[in-house]
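In what follows, chains are A, B, ... by sequence order, proteins preceding strands, each numbered from 1. What's counted below: heavy atoms across the whole structure, side chains too, no hydrogens, waters or symmetry copies.
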Protein chains: 2
Amino acid sequence: MIVPVAIDGRAGTAGSTSATARKSKASQGAPGAPPARRTRRVRMTGKERREQLLDIGRTLFAERGFEGTSVEEIAHKAGVSKPVVYEHFGGKEGLYAVVVDREMRMLLDLVTSALTGGHPRELLEQAAFALLDYIEQSTDGFRILVRDSPVAQSTGTFASLISDIATQVEDILGLEFKQRGFEPKLAPMYAQALVGMVALTGQWWLDVRKPKKADVAAHLVNLAWNGLSGLEPKPRLIGHRKA
Amino acid sequence: MIVPVAIDGRAGTAGSTSATARKSKASQGAPGAPPARRTRRVRMTGKERREQLLDIGRTLFAERGFEGTSVEEIAHKAGVSKPVVYEHFGGKEGLYAVVVDREMRMLLDLVTSALTGGHPRELLEQAAFALLDYIEQSTDGFRILVRDSPVAQSTGTFASLISDIATQVEDILGLEFKQRGFEPKLAPMYAQALVGMVALTGQWWLDVRKPKKADVAAHLVNLAWNGLSGLEPKPRLIGHRKA
DNA sequence: TGCCATACTTACGTCGCCGTAGGTTACGGA
DNA sequence: TCCGTAACCTACGGCGACGTAAGTATGGCA
């Protein structure tokens with residue numbers, strides 16, 4: 001039996017939530033409390049609710065995957081009933097699509113803006129940093145992107161959405177290859193290799209969190225640039241970053 | 001309504017199937033044919049059926065994932081009814097567990113046996129080759145391992161089963177690091193990076209299949225060993241391989 | 001003060017799928 | 001030829017999840 005406990009505490013995660021908590025005559029909103037009459041229902045604007053649902057959905061999709069997450073659960077965590085979700089997104093796939101789209105955009109923006117101008121090595125450094133940044137600030141999103149989406153499976157060209165990033169790297173690498181007189185047809189492969197290197201290391205870093213982000217980036221660049229044969233013992237970053 | 005169409009043609013994929021097809025008075029076993037009376041039922045030994053189910057399960061899990069695959073479908077493709085699956089594996093998870101276990105063993109065997117003796121660069125070369133070999137000969141298995149399993153999610157340390165391979169590489173790398181006077185604590189990270197490089201490239205190679213396997217390996221080694229700064233235009237493999 | 005759009009609800013219908021209880025067929029040895 | 005056992009079946013119970021139809025509160029605005 002689902003008791004309408006209203007807010008679950010995470011109403012403001014989206015940032016733009018101006019918390020329309022009005023006359024909260026309720027029993028303190030304490031979690032787990034049995035219905036001390038009936039908690040005053042929370043009423044958000046469409047936008048607010050939409051953002052909240054996206055936020056919750058992202059979290060749940062990240063930890064349970066698409067199929068493992070139910071609309072009921074999303075709605076329940078938001079303190080509303082199922083039809084609200086259907087009203088906003090038309091269904092589970094709709095919500096998922098928006099979540100994935102946003103994450104893709106964010107990641108692509110970060111990476112592409114990192115891939116502008118400068119020495120190739122610096123580019124590499126910045127790109128690696130960008131991906132680690134993204135992983136750190138939007139862990140759930142990264143988890144979702146790493147998982148294979150139902151969409152990716154149907155379109156079928158790439159197994160993982162992360163691979164799309166590689167196509168960004170291709171161009172830069174292709175240019176560099178041409179200048180050096182290498183076969184530019186090989187650029188995609190090398191791009192995949194580089195992205196794979198950073199992505200899997202990032203995934204691993206999610207669990208361990210041991211070396212600092214900057215150190216991880218430095219070592220990744222070290223490996224990618226110098227190779228195992230010419231590894232520097234104590235690699236340093238060239239770029240100057242605030243974070 | 002499920003029509004019992006008996007064999008679906010893939011009975012012998014497991015290799016050890018001695019095809020106990022007896023009096024196949026049936027209507028040629030042609031696919032898609034409406035029940036021309038009722039196809040003569042096929043009766044396998046326990047072992048045969050078990051192998052067949054594992055084989056079918058592997059295929060389906062690879063293309064639809066664990067949750068996306070139903071026991072009914074597996075049974076149907078095998079030309080039997082559901083309880084047979086339950087008889088053999090106790091349920092979907094049981095079957096899945098066996099499939100994953102076998103694949104893990106196979107991959108680990110291949111990789112570890114490739115990681116014995118020789119110059120580090122040669123080791124790298126052989127390991128890369130081993131992974132590509134595995135991907136080629138057991139594509140479905142690789143797809144399953146790349147996906148996140150329900151098991152991996154509960155134990156939680158690693159997001160992807162592929163990452164387990166990296167722990168194998170750690171030791172070798174750690175030794176090498178010590179000899180060179182590097183911080184051996186960094187070995188895990190570099191291992192992850194290397195495995196990620198090869199794994200994602202392999203995944204990409206699954207779809208494209210453009211450069212030959214040996215070429216892919218050569219270029220991977222090229223990148224990992226020489227780094228972007230010292231890339232050779234036409235890398236060659238050291239080792240001598242028959243395949 | 002009364003109205004109406006917006007936010008939200010309860011209550012179903014339905015479908016797919018897991019897992020099991022109990023019965024049936026065929027193979028192979030005595 | 002008979003019989004036991006291994007292989008297999010039909011049929012059901014039940015649950016969880018998607019999606020919808022129809023009704024209810026609430027807050028701004030004429």
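- Of the residues in residues 82-90 of chain A, those with a non-hydrogen atom less than 4.0 angstrom from any atom of DNA chain D are A:Lys82, A:Pro83, A:Tyr86.
- Closest approach of A:Gln192 to B:Leu200, counting heavy atoms only: OE1-O, 3.9 Å.
- Computed from coordinates, the A:His76 NE2 to C:dT9 P distance equals 12 Å when rounded to whole Å.
- Per the geometry, CD belonging to A:Glu72 stands 13 Å off P belonging to C:dT10, to the nearest Å.
- Under 4.0 Å is where a charged nitrogen must lie from a carboxylate oxygen, and between B:Lys77 and B:Glu63 no such pair does.
- For B:Ala193, the side-chain contact (heavy atoms from CB on, under 4.5 Å) partners two or more places apart in sequence, or in a different chain, are A:Met197, A:Thr201, A:Leu220, A:Leu223.
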Protein-nucleotides 3-7 of chain C N/O pairs under 3.5 Å:
unit_1, atom_1, unit_2, atom_2, d
C:dT6, O2, A:Arg43, NH2, 2.7
C:dA7, OP1, A:Gly46, N, 3.0
C:dA7, O4', A:Arg43, NH2, 3.2
C:dA7, O3', A:Met44, O, 3.2

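- Summarising the geometry, the separation between CZ on B:Arg64 and P on C:dC17 is reported as 10 Å, rounded to the nearest angstrom.
- If you check every strand for non-hydrogen atoms under 4.0 Å, B:Ser81 touches a base.
- We find that A:Glu87 and A:Arg49 are not joined by a salt bridge, their nearest charged nitrogen and carboxylate oxygen being 4.0 Å or further apart.
- Between the P atom of C:dC27 and the CD atom of B:Glu48 lies a distance of 13 Å, rounded to the nearest Å.
- Contact check on B:Asp101 versus B:Arg105 returns a salt bridge, with a Lys/Arg side-chain nitrogen under 4.0 Å from an Asp/Glu carboxylate oxygen.
- Residues satisfying the ring-ring contact (aromatic ring centres under 6.0 Å, His included) test with A:His88, not counting sequence neighbours, are none.
- We find that CZ of B:Phe66 is positioned 12 Å from C1' of C:dC17, with the value rounded to whole Å.
- Remark: A:Tyr134 pairs with no residue by the ring-ring contact (aromatic ring centres under 6.0 Å, His included) rule, at least two apart or across chains.
- The residue from A:Gln137, A:Glu103, A:Gln203, A:Glu136 that alone fulfils the side-chain contact (heavy atoms from CB on, under 4.5 Å) condition with A:Phe142 is A:Gln203.
- Not counting sequence neighbours, A:Asp215 has no partner by the side-chain hydrogen bond (donor to acceptor under 3.5 Å, both in side chains) test.
- Atom P of nucleotide C:dC18 and atom CD of B:Glu67 are separated by 10 Å, given to the nearest angstrom.
- In this structure, the CD1 atom of B:Ile74 is 11 Å from the P atom of C:dG19, given to the nearest Å.
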